[in-house]
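Down below is the structure, laid out as structure tokens.
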Amino acid sequence: MNAAQLRAHVEAQVPRAMEQLERMVRLNSFSGNPEGVNAVGALTAALFEPLGFEAERVGCAQPGRGDHWVLHRTGQGGPHVGLVSHLDTVFPPEEEQRHGFGWQREGDRIYGPGTVDNKGGIVVMFLVLEALRSIAPERFQWAEWTLLFNAAEEVWSPDFGQLARHRLAGASAALVFEGGQRRGEAWTVVTSRKGRALFRIRVEGRGAHAGVRPERGANALVQMAETLLRAAELTDWSRGRSVNVGVVRGGTAANRVPHEAMAEVEMRAWDPTVFEEGKAGLLALAGTGRLRARSDGYPCRVHVELLQETAPWPSNPQTERLFACWEAAGRSLGWAVEREARGGLSDANHLWDRVPTLDGLGPVGDHAHCSERSPDGSKEPEYVLASSFVPKTVLNTVALLRWLEQQES
Ligand SMILES: [Zn+2]
């Protein structure tokens with residue numbers, strides 16, 4: 001089958017696939033709405049069932065979440081390929097109602113919660129496997145397929161990473177269907193992402209009456225301010241590291257010297273060494289503070305706790321081999337395919353050091369995580385481009401076929 005025939009085949013599947021997307025988008029699947037997440041999981045399982053996939057639900061480690069869904073198809077001795085997407089969105093039902101945010105098609109744009117992040121990715125994943133089964137049934141049956149759907153990607157439940165690493169141990173590729181981008185005439189796929197470390201900083205000082213005994217006070221908020229300035233100085237733009245002071249709390253009244261303060265800080269970096277340095281720098285802020293009570297030198301104490309850590313996904317040879325397949329597939333179709341380095345995390349961060357990983361294979365869209373719309377167009381909600389489904393499916397299908405052929409030799 002040539003590229004034109006493949007394209008025509010995929011085009012014929014798209015209307016039905018779009019109906020499936022509409023059903024998924026019309027179901028609220030906020031991470032905190034487990035029934036909704038599981039309803040999208042059930043629709044997903046039903047979508048892939050005719051391709052011979054068996055569904056399994058795995059409880060999420062976080063309470064109040066839906067289940068992770070794992071769909072599996074046994075192969076005939078061929079390579080094992082993992083495909084990854086997520087079921088949840090960032091939008092609570094009340095927010096969707098308040099902003100009148102739902103499935104709405106305007107020209108090429110389809111607005112709605114999860115259209116690009118990440119229900120559109122589920123639909124492109126389906127279109128790719130459906131096309132492979134039609135144009136290369138022997139290859140499709142030869143390979144073993146595991147599809148992993150995260151119930152809590154938007155709230156970053158690390159147990160999904162463990163599940164994916166376990167289920168894809170020894171796999172030949174992990175393909176992540178987050179949305180891609182269009183850069184001029186080129187399609188981008190994601191080949192690296194920043195890592196993130198999340199910290200809680202606590203300062204213990206000593207309270208005092210601000211009028212009667214101010215000299216007895218060890219002001220936890222002032223110490224926190226000094227500590228946070230030093231934290232922010234660990235930003236290193238030239239080496240791609242940023243530190244963000246996101247939350248600060250402390251004090252109760254202006255007539256008291258505050259005895260405690262709390263802050264949440266996150267650090268992100270592309271390079272593993274730069275990331276480790278940033279972590280060490282933040283942890284080193286702990287200890288006896290510089291701020292002391294005037295009366296007796298009583299010091300503030302600074303505590304730094306690493307709450308959560310996700311390592312960077314740096315450029316690496318395994319990802320490059322996959323990228324080369326996508327680039328060559330693009331060339332054969334007359335399209336440029338380019339690497340994209342992306343700041344946000346995805347499930348690819350959990351997988352790249354175990355399995356060759358590529359990301360951004362979903363459709364093209366914009367304004368993910370936004371639900372507001374203003375009449376002057378300065379605010380726009382999440383949308384996906386309907387016209388991107390066919391080319392992204394064709395590109396992924398041709399590239400994946402190339403990859404499977406390489407695994408044979
Ligand atoms: Zn998202």
Side-chain angles (χ1 to χ4, degrees), residues 21 24-34 36-37 40-41 44 60 62 64-66 68-69 83-96 99 101-103 109-125 147-161 164 174-182 188-190 192-196 198 244 246 266 268 308 310 312-313 340-352 357-373 379-385 388 392:
L21 179 61
M24 287 184 192
V25 170
R26 287 189 187 281
L27 279 172
N28 175 278
S29 65
F30 175 50
S31 315
N33 172 9
V37 168
V40 174
T44 302
C60 179
Q62 283 187 359
R65 306 292 175 209
H68 306 307
W69 288 62
L83 292 83
V84 182
S85 184
H86 65 87
L87 304 168
D88 61 329
T89 75
V90 297
F91 305 107
E94 314 79 67
E95 182 181 339
E96 290 181 7
H99 296 159
F101 183 43
W103 176 272
R109 291 184 177 187
I110 303 171
Y111 292 94
T115 45
V116 70
D117 185 15
N118 214 33
K119 294 169 181 176
I122 298 175
V123 167
V124 168
M125 187 194 291
L147 319 183
L148 290 144
F149 299 94
N150 191 342
E153 197 266 353
E154 298 291 2
V155 288
W156 208 246
S157 184
D159 63 304
F160 181 80
L175 306 175
V176 181
F177 283 74
E178 293 283 325
Q181 282 186 8
R182 197 89 161 111
T188 71
V189 293
V190 178
S192 59
R193 286 179 180 268
K194 283 180 183 172
R196 179 183 72 160
L198 175 65
N244 184 52
E266 64 152 60
R268 301 202 187 217
Q308 205 181 62
T310 306
W313 169 26
E340 183 190 336
R342 200 175 282 181
L345 303 174
S346 86
D347 290 316
N349 288 70
H350 296 303
L351 287 164
W352 69 272
T357 297
L358 198 64
D359 192 357
L361 305 179
V364 176
D366 205 354
H367 302 309
H369 296 201
C370 304
S371 67
E372 287 183 291
R373 187 197 282 257
K379 287 182 182 175
E380 275 206 308
E382 174 175 341
Y383 69 84
V384 72
L385 292 178
S388 67
K392 281 305 280 283

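Ligands are counted one by one from 1 in listed order, and the atoms in each one are counted from 1 as well. Sequential numbering from 1 along the given sequence is applied to the chain's residues.
Judged by distance alone, with hydrogens and angles left aside, the side-chain atoms of Asn33 form a donor-acceptor pair with the main-chain N or O of Asn28 at under 3.5 Å. In this structure, Asn118 contributes its side chain and Phe177 its backbone to a donor-acceptor pair below 3.5 Å.
Ring orientation note: the planes of Trp156 and His350 are close to parallel, at an angle under 30° on the 30°/60° scale.
A donor atom on one side chain and an acceptor atom on the other are not found under 3.5 Å apart for Arg65 and Ser157. Side-chain atoms of Asp117 and His369 include a donor-acceptor pair closer than 3.5 Å.
For the Zn ion (ligand 1), the tally of protein N/O/S atoms lying closer than 2.8 Å stands at 4.
Judged by the 6.0 Å distance and 45° axis criteria, Arg373 is positioned over the aromatic ring of Tyr111.
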